[in-house]
S.K.: 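Please find one structure pasted underneath; my questions will follow.
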2 protein chains.
Amino acid sequence: MATMQDVALRAGVSPKTVSRVFNEDPHVLPGTRSRVEDAMRELNYVPNVLARTFRAGRSSSIGVAVPDLVDPFFASVVRAVESVCSLTGITTLVTSIGDDPARERPVLESLLRSQLRGLILAPVSEDQSWLSQWAEHTPIVFVDRAPVGLGADTLVEDDRLGAYLATDHLLGHGHTRIGFVADTTHPPSTRRRLEGYRAALADKGVSFDEHLVAEEANGRQRAAAEVDRLWRDPEPPTAVFSSNARVTMDLIPALRGRNVALVGFGDFQMADQLSPPVTVVRQDPVELGRLAATRALARFADSDGRHEPATVLPVSLVLRESCGCAASG
Amino acid sequence: MATMQDVALRAGVSPKTVSRVFNEDPHVLPGTRSRVEDAMRELNYVPNVLARTFRAGRSSSIGVAVPDLVDPFFASVVRAVESVCSLTGITTLVTSIGDDPARERPVLESLLRSQLRGLILAPVSEDQSWLSQWAEHTPIVFVDRAPVGLGADTLVEDDRLGAYLATDHLLGHGHTRIGFVADTTHPPSTRRRLEGYRAALADKGVSFDEHLVAEEANGRQRAAAEVDRLWRDPEPPTAVFSSNARVTMDLIPALRGRNVALVGFGDFQMADQLSPPVTVVRQDPVELGRLAATRALARFADSDGRHEPATVLPVSLVLRESCGCAASG
DNA sequence: CGACCTCATGACATCGATGTCATGAGGATC
DNA sequence: GATCCTCATGACATCGATGTCATGAGGTCG
């Protein structure tokens, strides 16, 4: 691989002049410039990104850490982040954290060591206070899930409203025994969804029954187990609210043949093609990713600004049929 | 951020000794070692990854470029690559190329400039011969789609066999007018799927009708348009073979109410929950990603070995009901 | 014609970690 | 006690690009 040194030698100038040509410094005579350009072409010069970023003191990558890349919601977020960054010539270092909260810290630390431009994070653990020392050097933007034990830029959906709308809609169909099914209830976003669920019940004068809350329903097997448990109740649910798209997908086979209404938080591919089509709270992962990337890049330029309160993106209820509504055509 | 220099000063040794301690060089006296370790702890020393990789001349990242991260197949591949790499402390630079073949080269060149450890690539363009100069420095492993105009390590599924099995199965159900629907037919993998389809027809003495081949069926709208076109034929298909999972998903709404058998190449989430559940050729994206990462890392250690012929991973037909088979339980 | 200015170019240092070689203390061996 | 060895440690150079400052050629103005 040719270096600036090599190009300089060939063009009969100093390396610094090659650097100037490469960086389009106007203080280079046209003759010199073209000689250098010729030399670059002949040697097929490619700048050494490692050297440049080292000198600059900052890598040209942004980190993106999400629970699971295969979850279409996070895949969309990542793709959106990536497409914003690629416009600026910034690459994206992607990591799936996985379901194990204990893995979060080591995974993120290994990411953060590489002097990222910024980190976009949807955490799985229950506490991120240890991140504060890293946050001094690297702007961190939380998406989908607010940080715990740390102040930082945050972009979330309107979890509370979404859950409220969904639950209220089910109540409107006459259901009073509505299950709330989640994988974990720790994350603030899930907690806010639970709040919305409870608020809707309260507003309609339906009492909250904690037996109707199911956790750990991740994976089809565990989802089925939780459903069995719910249905062993003397008064089993007649409707179910699922707290995220992964859970909804895992829940559907278990719900087959139970004649139960269903609304899920988070849209997913083919939701409209199932029988019945699944009513969902629609989020906008693309917008979320876009905003997060923009925010992270802006933070990098001006890291002094104080963190605003969490930005809340709107959600909407997409009525299909699983909630009990009739086919619309 | 503290540097080795700072630590050295505090511990009263030379930077080189700090480096030795950090790298667990045995030639350091225990006393010196612990003084240095104390200093590191006190200053909260974190190595500068940029400097290390610069000196090493190679980044500690591997590149992964796929057409679309949101496609669950590629998401699985990426996640598998990532989980292999994270064991070795290698990070993954992920890029979605998108559907536009013209974007491929610039996107990849920007990735390759960062002195990757290796590149794992599922290309969308029709020619990758320009990659040969990069391949001299960076091991490239093709996944899912073989390279065109370039010799390189390649991991593909048994496209031909998968398509053969699927088509043969549909023929076995008595269908003779079987549509072949794809997004693009350029990629070698799609071409081999078409070959398998034709081979199965030929073996059963059914003549190939090019009118039954639909392209550009990406996105629900275009998929619907292609379906309309197929059904304007005087003898419309009674069965359809879809050449990949994305197309299958886009095709399903368009096929509704047409009473047509369907087999898709590639499994996808909820395929078994649709009505009818979709029969598919199952690939193993996780294994594909795992092997690709392993191969790329091995190549890096020993770049001299010659490329073996493409490794072909087995596929299998997962019978559900959309092919015409009865429910199994 | 001399003082001053502009501007192209280069020499050198720098970013942080580490490979190479030198140095010198302490010990082993005859 | 002289020679050689072992081994801890440090000085210095290096990876490639680029910021800083110096230099010196050519031009302008009084």
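These numbers come from a predicted model, not from an experiment. The basis for the numbers below is simple: all heavy atoms, side chains too, and nothing from hydrogens, waters or symmetry mates.
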S.K.: Flag the pair B/I97 / B/L121 as yes when at least one side-chain heavy-atom distance between them is below 4.5 Å, and no otherwise.
M.R.: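 Counting from C-beta outward, B/I97 and B/L121 do come under 4.5 Å.
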S.K.: Atom CZ of A/R113 and atom C1' of C/dA17: how far apart are they, to the nearest Å?
M.R.: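 The distance from CZ of A/R113 to C1' of C/dA17 comes to 16 Å, rounded to the nearest Å.
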S.K.: Atom CD in B/E24, atom CZ in B/R20: separation rounded to 0.5 Å?
M.R.: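 B/E24 CD to B/R20 CZ: 14.5 Å, rounded to 0.5 Å.
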S.K.: Which label fits A/F22 and A/Y45: parallel for a plane angle under 30°, tilted from 30 to 60°, or perpendicular past 60°?
M.R.: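 Perpendicular.
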S.K.: Is B/D68 paired with A/R79 through a side-chain N to carboxylate O contact shorter than 4.0 Å?
M.R.: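 Counted as a salt bridge, because a side-chain N and a carboxylate O are separated by less than 4.0 Å.
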S.K.: Can you tell me the distance, in whole Å, between the CG atom of A/L9 and the P atom of C/dG10?
M.R.: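 One finds 12 Å between P of C/dG10 and CG of A/L9, rounded.
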S.K.: Hey, could you give me each pair passing salt bridge (charged side-chain N to carboxylate O under 4.0 Å, His left out) that has a residue in residues 39-59 of chain A? Not counting sequence neighbours.
M.R.: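 Every salt bridge (charged side-chain N to carboxylate O under 4.0 Å, His left out) pair that includes a residue of residues 39-59 of chain A, provided the two are not neighbours, is A/R10-A/E42, A/D38-A/R41.
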S.K.: Are B/V36 and B/V13 close enough that some pair of their side-chain heavy atoms sits under 4.5 Å apart?
M.R.: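 Heavy-atom side-chain distance check passes, below 4.5 Å.
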S.K.: Residues of residues 24-44 of chain A with any non-hydrogen atom less than 4.0 angstrom from an atom of DNA chain D: list those, numerically ordered, please.
M.R.: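 Heavy-atom cutoff 4.0 Å gives no residues at all.
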S.K.: Within this structure, what is the CG-to-P distance between A/L50 and D/dA17, rounded to whole angstrom?
M.R.: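 Rounded to whole Å, this separation is 11 Å.
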S.K.: B/D6 CG to C/dC15 P: how many Å, rounded?
M.R.: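 It is 11 Å, rounded to the nearest whole Å.
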S.K.: Using OP1 and OP2 only, check whether a side-chain N or O of B/T3 sits under 4.0 Å from C/dG16.
M.R.: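 For C/dG16, neither OP1 nor OP2 has a side-chain N or O of B/T3 closer than 4.0 Å.
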S.K.: From the list D/dC15, C/dA11, C/dA17, which nucleotide is the closest neighbour of the side chain of B/F54?
M.R.: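 Looking only at side-chain atoms, B/F54 lies closest to D/dC15.
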S.K.: For a 4.5 angstrom cut-off between non-hydrogen side-chain atoms, does B/R246 reach B/P67?
M.R.: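 Answer yes - side chains close enough.
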S.K.: What does B/V18 touch in the nucleic acid at a heavy-atom separation under 4.0 angstrom: a base, only the sugar-phosphate, or nothing?
M.R.: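 If one applies the 4.0 Å heavy-atom cut-off, B/V18 turns out to touch nothing in the nucleic acid.
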S.K.: Compare every heavy atom of B/E157 with every heavy atom of B/D144, then report the nearest pair and how far apart it is.
M.R.: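 B/D144 and B/E157 have their closest heavy atoms at OD1-OE1, 3.1 Å.
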S.K.: I'd like to check B/I62 versus B/L119 (side-chain heavy atoms, cut-off strictly below 4.5 Å). Are they in contact?
M.R.: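 Counting from C-beta outward, B/I62 and B/L119 never come under 4.5 Å.
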S.K.: Expressed in angstrom and rounded to an integer, what is the separation of A/Q5 atom CD from D/dC15 atom P?
M.R.: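 Nearest whole value for this atom pair: 9 Å.
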S.K.: One character per nucleotide, please: for nucleotides 18-28 of chain C, 5' to 3', B when the base has a protein heavy atom closer than 4.0 Å, S when only the sugar-phosphate does, - otherwise.
M.R.: BBB--------
